[in-house]
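Quick note: residue numbers are just sequence positions, from 1. Bear in mind that the values here come from a model prediction, so they are computed numbers and not experimental data.
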Amino acid sequence: MTIQIRPAILDDLPVLKTFEQGILKAERPYDPTIKPDPVSYYDLADYIRSPDAEIIVAEQDGTLIGSGSVLKKKSRHYQDPEYHAYLGFMFVPEAHRGKGINKLIMEACLDWAKDRGLGEIRLTVYTDNIPAIRAYKKADFNPYMTEMRLQLD
């Protein structure tokens, strides 16, 4: 059973939207500010159409079994490089975890960024999401900045 890594197409949207809801379900325990359903993080169709974004999917036997996205983003005006890549939308359904699918998707995202001359890739992860942090560190990502907040009632 070969896993194919490819760019997403508009026909993939129904499954990609279920992946997005899987991400939201996984992240709700880390973030009480996420609004109740229905809610969406991404404009997936826009990502698929954009020359400055790519959704990468893993497919096995005609079934999508993972996703990730990479975007070209302008860095803050005081930062170098002027543009960087941003990694997101990483999701693999539970039945397919532990098979190296995230790694394959991440490698395709890194290749996309390199092909566009982007010398840095960034991502955000909840500080309490220890499994995700461990996985990103294993892929050579390093902590960069901590965002903090104070709830004012």
Gap separating the OG1 atom of T63 from the CD1 atom of I3, nearest 0.5 angstrom
12.0 Å
Output side-chain donor-acceptor pairs under 3.5 Å for residues 126-138, partner residues at least two apart or in another chain, one line each.
{"unit_1": "Y126", "atom_1": "OH", "unit_2": "D31", "atom_2": "OD2", "d": "2.8"}
{"unit_1": "N129", "atom_1": "OD1", "unit_2": "A132", "atom_2": "N", "d": "3.3"}

Less than 4.5 Å apart, any side-chain heavy atom of F19 and any of P93?
yes
Co-membership, hydrophobic cluster, residues L110 and Y86, 4.5 Å side-chain
no
Interatomic spacing from CG in L118 to NZ in K72 - rounded to 0.5 Å:
6.0 Å
Side-chain contact, heavy-atom cut-off 4.5 Å: R28 with D37?
yes
Which atom names give the shortest non-hydrogen contact between L16 and S67, and what distance separates them?
CD2-CB, 4.1 Å
Min side-chain heavy-atom separation Y41-E27 under 4.5 Å
yes
So how far is it from E107 CD to K114 NZ, rounded to the nearest 0.5 Å?
9.0 Å
What are the two closest heavy atoms between P7 and E54, and how far apart are they?
CB-OE1, 3.4 Å
Over all heavy atoms of both residues, which pair between V70 and A85 is shortest? Give the atoms and the distance, please.
CG2-CB, 3.9 Å
Is S75 reaching over with its side chain to a backbone N or O of D80, donor-acceptor style, under 3.5 angstrom?
no
Contact summary for I56 and A108, nearest pair of heavy atoms
CG2-CB, 3.8 Å
Decide whether a cation-pi geometry holds between R97 and F91; the criteria are a distance under 6.0 Å from NZ or CZ to the six-membered ring centre and an angle within 45° of the ring axis.
yes
Please find the pair of heavy atoms, one from W112 and one from A53, that lie closest to each other, and give the distance.
CZ2-N, 3.6 Å
Looking at side-chain heavy atoms only, is the closest gap between V92 and I65 below 4.5 Å?
no
Quick one: pull up CD1 in I23 and CE in M90 and give me the separation to the nearest 0.5 Å.
9.0 Å
side-chain contact (heavy atoms from CB on, under 4.5 Å) against R6, all qualifying residues, sequence neighbours excluded:
Q4, I9, D12, V57, E59, L64
Rounded to the nearest 0.5 Å, how far does CG of D46 lie from CD1 of I55?
9.5 Å
Same apolar cluster: M106 and I5, side chain cutoff 4.5 Å:
yes
Treating Y42 as the side-chain partner and F89 as the backbone partner, does any N or O pair qualify as donor plus acceptor under 3.5 Å?
yes
CE-CE distance between M148 and M145, expressed to the nearest 0.5 angstrom
12.5 Å
Exceeds 12 heavy-atom contacts within 6.0 angstrom, atom NZ of K74:
yes
For R149 and T33, run side-chain contact (heavy atoms from CB on, under 4.5 Å): C-alpha distance rounded to whole Å, both residues' side-chain angles, the deciding distance at 0.1 Å, then the answer.
CA-CA 11 Å; R149 68 179 186 210; T33 68; 3.6 Å; yes
What are the two closest non-hydrogen atoms of L44 and E20, and how far apart are they?
CD1-OE1, 4.1 Å
L10 reachable from V15 in the ILVMFWY side-chain graph, under 4.5 Å edges:
yes
Using only atom types and a distance under 3.5 Å, with no angle test, would you say the side chain of Q21 pairs donor to acceptor with the backbone of V39?
yes
Checking the side chain of S50 only, and the main-chain atoms of Y47 only, is there a donor and an acceptor separated by less than 3.5 Å?
no
Please examine the side chains of H84 and Q79, heavy atoms only from C-beta on, and report whether any two atoms are closer than 4.5 Å.
no
